[in-house]
Amino acid sequence: MFESSVYTKRRKELTGNLSSGIVLLPGNEDSSMNYKANTYHFRQDSSFLYFFGLDRQGLAGVIDIDENRSILFGNDAGIDDIIWEGPRPTIVALGEKAGAEGSGSLNELDDFIEQAIVKGRKIHYLPPYRTEKILRIEKWTGIHHNKVIGQASKELIREVVRLRSVKSPGEIAEIEKAVDIAYEMHTVAMKMAMPGVYEREIAGLIEGLALAHGNPVSFPVILSINGQTLHNHYHGNILKDGRMMVTDAGSETDMHYASDITRSVPVGGTFNSRQKDIYEIVLAALQSSAESIRPGVTYKEVHLESAGVICRGLTEMGLMKGDPQEAVRNGAHALFFPHGLGHMLGLDAHDMEDLGEDMVGYDDEVQRSGQFGLAFLRLGRRLQKGFVLTSEPGIYFIPALIDKWRSEKKFNEFINYEKVESFKDFGGIRIEDDILVTEAGCRVLGKPVPKTIAEIEDTMKQRS
Ligand code: GLY
Ligand code: MN
Ligand code: MN
């Protein structure tokens with residue numbers, strides 16, 4: 001974790017902007033897979049990590065806005081805990097690491113909240129995403145479990161989003177470490193992408209690489225020759241010549257900062273001409289976004305510019321027709337690019353998504369569109385220096401979507417369905433980088449993962 005002063009400062013900045021009451025930040029608990037003692041890998045809650053930094057089960061943080069105190073609650077280890085799980089620091093010692101007072105009993109937290117409620121104090125909490133936490137909040141506050149998410153504190157959410165959106169140099173260094181691990185995962189995957197290999201052989205190995213660096217992947221590995229399925233977690237296909245392999249994968253660091261990188265490579269190591277044509281368009285869309293990203297621009301504009309690059313490229317190839325600008329305005333490109341350009345990145349791969357996508361990615365000025373494709377843009381608002389985000393344009397040929405739109409005669413004026421039919425066996429291509437918004441523009445984070453056609457072909461030749 002960072003120095004204790006980092007957490008003290010973050011909590012001070014948080015409470016400086018909240019009116020009154022207490023902030024309740026319960027950490028995560030172990031979650032069982034198939035019986036109680038057989039648990040998933042423990043993952044601490046990201047907002048708890050941001051304000052208290054402590055990466056273990058059984059903790060809850062309270063920030064008293066009016067009395068300007070932070071208290072860490074938890075139970076000190078008993079002899080049974082020590083026998084099964086090993087010795088651990090006392091809650092007072094853990095509190096010190098976070099710059100907070102420690103209270104070695106969770107019962108005291110129950111009393112603390114009860115007292116606050118008796119006094120009519122406001123209890124600010126964030127929307128819980130695990131059922132166990134919904135039930136704990138119901139028990140503490142008396143709010144019916146069906147209403148717990150809806151009654152989360154908007155004031156607190158806004159402040160947490162404001163703070164977590166702008167990354168400090170220490171956080172940026174962590175994200176770069178995560179990208180460097182992703183560099184290794186992706187270059188190894190490229191070298192393995194040969195005909196006859198099962199997807200799972202590569203997916204398993206690169207997940208193991210993340211683990212070998214000490215931490216799990218930042219989201220389940222997406223690795224498939226069916227890249228047209230956007231979040232494809234099936235890894236049972238055998239790689240075949242003529243298909244692209246899309247790998248969307250990243251790692252966490254010790255402090256749980258994430259990377260989220262995608263590369264698309266031709267099985268066998270050499271792009272055919274059709275793959276080259278589509279790849280160059282996606283790469284141009286990514287490069288155009290890197291030229292536009294700077295403080296003050298909205299990410300919705302950047303998304304639409306990248307969509308314009310995709311439309312122009314597909315029109316030049318004869319897959320689309322008509323005026324590309326008009327096609328983007330109408331959303332015709334979403335047949336090929338049905339998702340958003342990117343999202344915030346930080347302690348979560350989709351940073352702060354638990355706090356509400358619209359609370360993170362939109363504001364009073366920029367609101368989410370209802371148009372198919374653009375509606376899936378997770379980040380639309382104006383960018384600020386210190387934001388870290390992904391840019392991840394793609395072109396996909398999704399047979400079911402092509403058939404649906406064609407039968408509906410949708411956008412016949414912009415789409416050359418005759419030609420699109422011949423690409424139904426293509427799959428998809430996505431390229432994704434992790435990008436820091438700087439004073440002057442932006443910077444792609446971490447060790448550059450091979451990205452141009454020449455770089456990818458060259459890397460794939462280096463297989464042992
Ligand atoms: N890895 C999921 C995404 O890129 O959003
Ligand atoms: Mn991704
Ligand atoms: Mn992403």
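Below, each value reflects all heavy atoms present in this structure, side chains not excepted, and no hydrogens, waters or symmetry copies. Read the numbers this way: they start at 1 and go in the same order the structure lists the ligands and their atoms.
Relative orientation of the Phe2 and Tyr7 rings is tilted, given thresholds of 30° and 60° on the angle between their planes.
Side-chain polar atoms of Tyr257 and Glu171 form a donor-acceptor pair below 3.5 angstrom. A side-chain donor-acceptor contact under 3.5 Å links Asn226 and Arg243. For the residue pair Thr390/Glu392, the side-chain donor-acceptor check at 3.5 Å is satisfied. With 3.5 Å as the limit, one finds a donor-acceptor pair spanning the side chains of Glu199 and Asn237. Looking only at atom types and distance, the side chain of Asn215 has no donor-acceptor partner in the side chain of His256 under 3.5 Å away.
The shortest heavy-atom contact between Asn330 and Phe411 is O-CZ, 3.1 Å.
Of the protein's non-hydrogen atoms, His350 NE2, 2.7 Å is the one closest to atom 5 (O) of ligand 1.
Ligand 1 is never approached by Arg430 to a heavy-atom distance shorter than 4.0 Å. Every heavy atom of Arg378 sits 4.0 Å or more from the atoms of ligand 1. The closest approach between a heavy atom of His231 and any atom of ligand 1 is below 4.0 Å.
For the Mn ion (ligand 3), protein N/O/S neighbours under 2.8 Å (waters excluded) are Asp260 OD2, His343 NE2, Glu392 OE2, Glu432 OE2.
Listed by number with element, the atoms of ligand 1 under 4.0 Å from a non-hydrogen atom of Glu392 are 3 (C), 4 (O), 5 (O). Contact atoms of ligand 1 toward His343: 3 (C), 4 (O), 5 (O) (distance under 4.0 Å to a heavy atom of the residue).
Arg263 places a side-chain N or O within donor-acceptor distance of the main-chain N or O of Glu432, the cut-off being under 3.5 Å.
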